[in-house]
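Reviewing the structure listed below.
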Amino acid sequence: MVEHATEKRQTAFLQQQSMKMLIGGQWVEAASGKTFDTINPSTGQVLARVAEGEAEDIDRAVAAARRAFEQGAWPKMTPAKRAHLLLKLADLIERNAEELAELETLDNGKPIKYSRAADVPLTVEHFRYFAGWATKIEGETIPVSVPNMFTYTLREPLGVVGQIIPWNFPLQMAAWKLAPALACGNTVVLKPAEQTPLTALRLGELICEAGFPEGVVNIVPGFGETAGAALAAHPDVDKIAFTGSTEVGKKIVQASAGNLKKVTLELGGKSPNIIFPDADLKYAVRGALNAIFFNQGQVCTAGSRLFVHKSVYDEVLGNLTTMSSKMKLGPGIDPGTDMGPVVSQQQLERVTNYIATGKQEGARVATGGNRAGDELAEGYFVQPTVFDGVADQMTIAREEIFGPVVVAMPFEEAEEIAARANQSEYGLAAGVWTNDIKKAHKMVAALKAGVIWVNTYNQFDAAAPFGGYKQSGYGREMGHAVLDAYTQVKTAWINLR
């Protein structure tokens with residue numbers, strides 16, 4: 001078994017024999033008494049045992065959230081006080097940053113350097129950004145054409161919000177969903193992914209420490225087929241926010257129809273990353289490397305389809321292959337690791353099956369293409385993989401792999417590449433590398449995706465909206481655009497006659 005010195009460190013949080021769920025301000029066992037194991041993907045060993053929520057636990061959590069929304073201190077709280085609580089929570093996250101970074105890395109596998117430099121700081125900034133919005137959610141006065149009428153709108157919270165978060169960025173995704181929902185005055189039932197529940201549960205402890213009223217945030221770990229399905233279909237939930245696969249997103253929509261709850265979805269992607277010959281190629285290759293291998297390729301926006309102009313294709317492919325082969329693969333907790341394991345045995349099988357399919361369909365492996373062995377054999381490690389000789393119709397060029405696998409393809413004309421890039425059921429993100437500003441703007445207009453990065457990739461900020469086109473989902477996270485997803489508008493007509 002591979003170990004690193006820091007891997008042996010155990011926080012007080014991890015020393016708990018069994019981690020409970022947060023319902024109504026109390027830490028409780030599952031109603032069934034069931035637990036499940038969460039696994040360290042670097043070693044395949046059990047990290048912790050966690051309470052396994054099911055439908056009865058979701059019922060209890062929704063009831064607690066409803067009481068908090070209708071009867072508790074939350075509906076009477078001023079926006080300024082909500083902002084204060086969000087800011088206090090941000091401070092607590094910052095104070096416990098190292099512990100949260102280690103938990104995130106141990107549970108998910110991502111390199112600790114990214115947990116420290118990105119995941120935790122961006123989580124802090126997200127809560128601070130939406131704390132600022134709590135006092136700025138406004139209605140309007142409307143100059144209607146009916147005499148003697150004073151007409152105005154109020155923007156009010158929806159009520160009880162169910163939030164189902166993924167395993168690739170557990171802490172950040174919790175913040176993306178919790179911060180705007182709470183700023184708008186909603187109460188929440190949060191279901192973390194069963195693969196990575198630890199930082200959500202530790203965040204729950206910090207929420208209690210910050211002084212949020214009981215029942216405002218409830219956290220129920222469990223499996224998607226049980227706890228997640230019960231939350232999506234619950235008749236007393238007013239909205240579901242989901243991040244995950246397109247397949248599951250469609251099931252969420254079907255489950256939501258019972259009471260016509262609002263739904264926002266951030267789903268899969270097969271993002272094109274396009275390099276033109278006039279780009280700074282050294283910079284573009286580094287960008288392409290980051291676009292696909294960041295977080296082991298387990299990013300919905302991953303630049304997994306790399307289109308390179310034929311005049312520079314060989315140069316770009318050669319440099320990308322060389323850089324990929326030199327990446328240090330290892331346990332995420334090792335500060336020198338460039339790429340950690342994928343999150344689970346299931347994900348390992350998924351990714352390696354896609355690699356096998358690519359080979360069978362005639363694509364050529366330029367580098368990687370295998371599960372890592374030797375001292376990494378007990379973890380879920382996949383080599384950084386670059387495919388060459390790929391056609392648009394191949395499975396690996398069409399379907400989301402969600403792993404460290406990129407397919408490289410040449411193109412000839414600028415007019416052709418937007419059409420090829422758009423030949424996908426997904427439309428989450430895209431990248432463009434060029435020093436021609438006119439070409440950049442033309443590509444931004446032509447590409448059918450919710451986020452376009454030019455001469456950069458995987459940039460995020462709490463102020464910038466994020467979401468997809470087509471089967472990459474609907475609704476937006478972040479920025480003021482997300483406030484529409486957590487509020488509803490009431491119109492008042494006052495007869496002044």
Side-chain angles (χ1 to χ4, degrees), residues 1-10 14 37-48 101-119 166-170 193-196 198-199 288-299 302 304 320-359 363-387 396 401-407:
M1 183 177 72
V2 176
E3 286 188 329
H4 188 272
T6 53
E7 187 124 18
K8 297 179 180 178
R9 285 187 296 193
Q10 297 288 299
L14 274 182
D37 293 335
T38 184
I39 305 297
N40 181 340
S42 290
T43 64
Q45 302 299 308
V46 175
L47 271 173
E102 289 186 13
L103 283 174
E104 194 80 330
T105 286
L106 290 172
D107 210 12
N108 169 274
K110 65 180 61 187
I112 187 70
K113 61 186 177 183
Y114 298 126
S115 295
R116 287 171 174 157
D119 292 56
W167 46 256
N168 57 339
F169 293 92
E194 59 266 28
Q195 298 89 344
T196 55
L198 296 184
T199 46
L289 191 84
N290 169 69
I292 186 58
F293 297 131
F294 174 62
N295 207 48
Q296 298 71 251
Q298 299 170 140
V299 186
S304 54
L320 179 64
T321 299
T322 298
M323 292 175 68
S324 301
S325 65
K326 291 180 179 179
M327 294 183 74
K328 181 180 178 182
L329 193 61
I333 205 71
D334 183 341
T337 290
D338 295 318
M339 199 178 84
V342 296
V343 75
S344 65
Q345 178 67 32
Q346 181 183 17
Q347 191 64 14
L348 173 69
E349 292 171 0
R350 173 188 172 91
V351 175
T352 53
N353 285 341
Y354 270 112
I355 291 173
T357 298
K359 295 174 182 177
R364 182 182 72 86
V365 175
T367 189
N370 295 293
R371 177 180 183 175
D374 299 327
E375 72 275 10
L376 300 178
E378 293 184 17
Y380 311 133
F381 292 91
V382 180
Q383 296 171 339
T385 298
V386 178
F387 272 107
I396 56 172
I401 298 173
F402 219 64
V405 181
V406 63
V407 298

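Below, all heavy atoms of this structure are taken into account, side chains as well, without hydrogens, waters or symmetry copies. One is the number of the first residue; the rest follow in order along the sequence.
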Whether [X] side chain and [Y] backbone form a donor-acceptor pair below 3.5 Å:
X: D37; Y: V46; value: no
X: Q383; Y: N370; value: yes
X: T105; Y: E102; value: no
X: K359; Y: G369; value: yes

Supply the atom-to-atom distance [X] [atom1] to [Y] [atom2], rounded to the nearest 0.5 angstrom.
X: S42; Y: L376; atom1: OG; atom2: CG; answer: 8.5 Å
X: T38; Y: L47; atom1: OG1; atom2: CG; answer: 6.0 Å
X: L106; Y: I333; atom1: CG; atom2: CD1; answer: 4.5 Å
X: R116; Y: K113; atom1: CZ; atom2: NZ; answer: 11.5 Å
X: I401; Y: Q298; atom1: CD1; atom2: CD; answer: 12.5 Å
X: T43; Y: E378; atom1: OG1; atom2: CD; answer: 7.5 Å

T367 and S324 side chains, donor-acceptor separation under 3.5 Å: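 Result is no, nothing qualifies.
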
Set of salt bridge (Lys or Arg N to Asp or Glu O under 4.0 Å) partners for D107, sequence neighbours left out: none

Taking every non-hydrogen atom, the tightest pair across [X] and [Y]:
X: I39; Y: G44; answer: CG2-C, 3.6 Å
X: T199; Y: P170; answer: OG1-CB, 3.7 Å
X: T337; Y: P331; answer: OG1-O, 2.8 Å
X: I112; Y: A101; answer: CD1-O, 3.5 Å
X: N108; Y: N168; answer: ND2-O, 3.4 Å

Quick one: are [X] and [Y] in side-chain contact, heavy atoms under 4.5 Å?
X: P404; Y: V351; answer: yes
X: I355; Y: F387; answer: yes
X: N295; Y: Y114; answer: no

Tell me, please, which residues at least two apart from [X] pass side-chain contact (heavy atoms from CB on, under 4.5 Å).
X: P41; answer: P341, Y380
X: A193; answer: W167, Q195, T196
X: K328; answer: D334, D338

Pairs touching residues 345-354 that satisfy side chain to side chain donor-acceptor pair (under 3.5 Å), sequence neighbours left out: Q345-E349, Y354-E399

Worked verdict on V386 versus I292 for side chain to side chain contact (heavy atoms under 4.5 Å, CB included): CA-CA 10 Å; V386 178; I292 186 58; over 6 Å; no

Candidate pair F169 and V299, rule side chain to side chain contact (heavy atoms under 4.5 Å, CB included), full reasoning: CA-CA 8 Å; F169 293 92; V299 186; 4.0 Å; yes

Where at least one partner belongs to residues 363-372, residue pairs that pass salt bridge (charged side-chain N to carboxylate O under 4.0 Å, His left out), sequence neighbours excluded: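 Residue pairs passing salt bridge (charged side-chain N to carboxylate O under 4.0 Å, His left out), neighbours aside: R364-D388.
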
